[in-house]
Protein chains: 2
Amino acid sequence: MASDLPSLAERIQPLDAAAMGAARERENRLTKPAGSLGRLEELAIQLAGITGRPRPRFAHKAVIVLAGDHGVASAGVSAYPREVTAQMVLNFLAGGAAINVLARRVGARVVVGDLGVDADLPEHPGLIDARIARGTRNMVDGPAMTRAEALAAISAGAEILDDEAEQGLDLLAIGEMGIGNTTAASAIVAALTGLPVARVTGRGTGVDDRGWQRKVAAIESALAVNRPHHDDPLDVLAKVGGFEIAGLVGVTLAAAGRRIPVLVDGFISSVAALVAAEICPAARGYLIAAHRSVEVGHQAVLDRLGLKPYLDLDLRLGEGTGAALAMGLVDAAAAILDEMATFGEAGVSDRTSPDDPAPGAPGSPADG
Amino acid sequence: MASDLPSLAERIQPLDAAAMGAARERENRLTKPAGSLGRLEELAIQLAGITGRPRPRFAHKAVIVLAGDHGVASAGVSAYPREVTAQMVLNFLAGGAAINVLARRVGARVVVGDLGVDADLPEHPGLIDARIARGTRNMVDGPAMTRAEALAAISAGAEILDDEAEQGLDLLAIGEMGIGNTTAASAIVAALTGLPVARVTGRGTGVDDRGWQRKVAAIESALAVNRPHHDDPLDVLAKVGGFEIAGLVGVTLAAAGRRIPVLVDGFISSVAALVAAEICPAARGYLIAAHRSVEVGHQAVLDRLGLKPYLDLDLRLGEGTGAALAMGLVDAAAAILDEMATFGEAGVSDRTSPDDPAPGAPGSPADG
């Protein structure tokens with residue numbers, strides 16, 4: 001499929017209201033007090049709307065993890081050296097990273113894409129070479145990427161999603177790896193929202209106080225030097241973003257265009273999802289916020305997207321780890337909707353309370 | 001094993017500090033910034049302490065769901081008729097309830113025990129007959145159970161756990177079913193904590209305003225009539241509790257005595273866990289709070305137990321559903337600890353930041 005930005009945006013349709021209505025109606029006939037499974041019920045209804053199926057199930061899961069290096073890493077903004085990006089890519093390929101462990105548990109394959117790592121990575125059947133350049137330029141000195149590079153990374157991400165979809169994909173988690181990429185993500189949030197840099201900048205992998213001050217200063221310089229336009233998300237992405245973030249924008253848009261639910265991981269993945277939603281607001285309905293990250297800027301991103309995360313476990317690793325964990329909740333929500341008995345099937349009496357809700361509401365006598 | 005209360009309490013040992021230390025040390029050598037998996041790391045360390053194994057895994061899981069009827073149900077405190085307790089037991093046995101669906105997803109068997117259902121239940125290989133009586137007496141008129149009945153229910157629960165342990169059990173979730181049992185649970189909380197009844201009484205399966213007022217009034221009457229002693233948890237349990245709640249006290253104590261982690265479900269299960277911990281404070285370390293229920297009294301119980309739940313999904317179903325969901329997180333935490341590569345194994349550089357933490361802390365150069 002065409003992977004240019006206008007084509008990607010054009011394919012994204014609203015959620016399927018009929019499937020959502022059918023799912024909601026069934027939820028209310030299952031043998032439980034209506035609404036008693038709380039957010040799992042809402043989630044199941046959203047999944048119906050995304051997929052267009054009243055009882056969706058997910059047999060083909062993938063975590064797409066994109067990696068890239070960042071010129072700004074040379075400004076001392078991270079607790080880890082730049083070569084860790086490539087080392088962790090090798091760890092993903094060897095199956096030893098947290099994302100491998102968590103993806104295995106939910107039966108998801110891990111797809112690793114090199115969008116811009118600054119290293120000679122070996123050929124490996126599990127590694128997709130979609131490299132645009134060997135890392136971005138340092139945003140403190142000028143644009144991290146050209147607009148053309150950012151567009152190329154978006155298209156490359158979309159093509160990765162398309163290839164995976166052809167192999168079978170009905171539930172997606174997105175994740176990333178890139179030393180320095182919380183700096184890029186915070187810069188994007190500050191540029192898009194106008195919030196003060198210090199308010200949306202955290203400690204990433206664990207930088208100390210002086211490192212944090214360097215990070216804030218680097219972002220402030222980058223914004224002053226590049227002057228990204230807050231109402232042009234592509235301009236923001238190119239000037240202060242990164243290749244893996246742009247790639248995830250493409251992955252997200254392409255998945256939404258194919259009605260595949262997108263489980264968004266922590267801060268950086270959420271920033272990619274935000275850029276996707278700013279480019280094409282209809283993409284928002286396809287997003288599921290997996291967890292609330294410790295990273296301080298995450299809440300601002302979730303607020304802007306209007307999403308409430310499902311897990312709150314003080315995670316701050318990235319790689320898609322929180323999204324892979326939440327795949328278990330997605331499967332559970334779908335299984336509840338699909339497998340539970342109804343009041344009628346099970347011969348269970350429904351509620352008696354006469355002075356309670358409206359006709360047609362959950363628990364009408366017709367159920368029993 | 002002896003299932004009288006003193007024997008149950010005597011078998012519960014402190015958590016294994018050596019196993020916890022070994023787990024903590026390994027967590028810090030895995031290829032992730034130290035602490036970046038947040039509460040999953042704490043959970044893995046607790047699991048090591050409970051089991052006494054530095055890298056615990058869980059192959060034999062069960063959800064023990066105990067059922068009982070409540071005399072107080074005749075006071076109009078529930079949105080559902082009393083016969084639903086037995087109907088839902090049959091639904092559990094047929095595999096159509098929410099707990100069956102969620103237990104299947106995590107590979108846990110569902111064990112159903114009748115501790116005091118007021119119905120002629122059929123013989124069924126999946127149903128354990130441990131009935132003490134056909135429901136409790138109405139606590140508004142006098143004690144719901146005699147002290148001897150409460151002790152018998154505790155012992156019956158402990159024996160169910162022992163039988164399951166002999167069939168293989170290394171991870172337990174507890175759940176319950178009993179129309180009227182949020183009324184009993186709220187009465188126990190009010191009696192043990194001294195908090196006002198209205199503050200610890202919620203809407204259960206969905207009672208309306210008038211039903212809620214009846215519920216509060218019934219609990220206040222029961223406390224006035226029975227005068228349970230707040231410092232005698234067994235007295236409180238007998239006078240205003242229920243058979244399934246007492247049974248879960250026994251299950252919990254017996255599991256702790258065998259070093260089996262106990263995933264506690266919502267409000268009612270947490271009240272059973274609280275009574276167990278009030279009887280034997282050493283049991284507390286074996287408890288894992290699965291989720292935060294919508295039921296208003298739950299937070300007071302969690303506070304008293306000093307537990308922080310892992311999920312917050314607006315659940316209010318019971319049956320062990322939240323605990324079964326959290327089994328996925330327990331498995332994930334254990335898998336992370338057991339399966340991830342260390343910095344040394346993966347050849348990944350550790351953090352560079354020189355002005356950072358203490359010697360021996362996560363990320364010391366020896367890792368790389």
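The chains referred to below are lettered A, B, ... by the order of the sequence lines, with proteins before strands, and numbering in each begins at 1.
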Part of B:L325 within contact of chain A (heavy atom distance under 4.5 Å): side chain
Contact summary for A:R105 and B:A335, nearest pair of heavy atoms: CD-CB, 3.7 Å
Toward chain A, the part of B:T321 with a non-hydrogen atom under 4.5 Å: side chain
Atom of B:I336, atom of A:V101 and distance for their closest heavy-atom approach: N-CG1, 3.7 Å
Option in A:G38, A:P33, A:A332 with maximal non-hydrogen atom pairs under 4.5 Å from chain B: A:P33
Region of A:L313 in contact with chain B, defined by heavy-atom distances below 4.5 Å: both
Minimal non-hydrogen separation, A:M88 against B:T31, with atom names: CE-O, 3.8 Å
Closest approach of A:D314 to B:R39 (non-hydrogen atoms, all atoms of both residues): OD2-CG, 3.7 Å
Part of B:L311 lying under 4.5 Å from any heavy atom of chain A: side chain
Selection from B:K308, B:K32, B:E41, B:M340 maximising heavy-atom pairs under 4.5 Å formed with chain A: B:M340
Interchain contact, B:A98 with chain A, by part (heavy-atom threshold 4.5 Å): both
Greatest number of heavy atom pairs closer than 4.5 Å to chain B - which of A:A341, A:G96, A:S36: A:S36
Interchain contact, A:E339 with chain B, by part (heavy-atom threshold 4.5 Å): both
Part of B:L37 within contact of chain A (heavy atom distance under 4.5 Å): both
Heavy-atom check, side chain of B:D312 versus side chain of A:Y310, under 4.5 Å: no
Expected output: side-chain A:Q87 to main-chain B:S349 donor-acceptor under 3.5 Å: yes
Between CG on residue A:L317 and CG on residue B:L30, distance to nearest 0.5 Å: 10.5 Å
Residue part contacting chain A, namely of B:D331, when any heavy atom lies under 4.5 Å: both
Per-residue contact mode, A:A94 against chain B (heavy atom under 4.5 angstrom): neither
Partner chain A: residue of B:T205, B:L329, B:L90, B:L43 with the largest heavy-atom pair count (under 4.5 Å): B:T205
Greatest number of heavy atom pairs closer than 4.5 Å to chain A - which of B:E319, B:E83, B:R104: B:R104
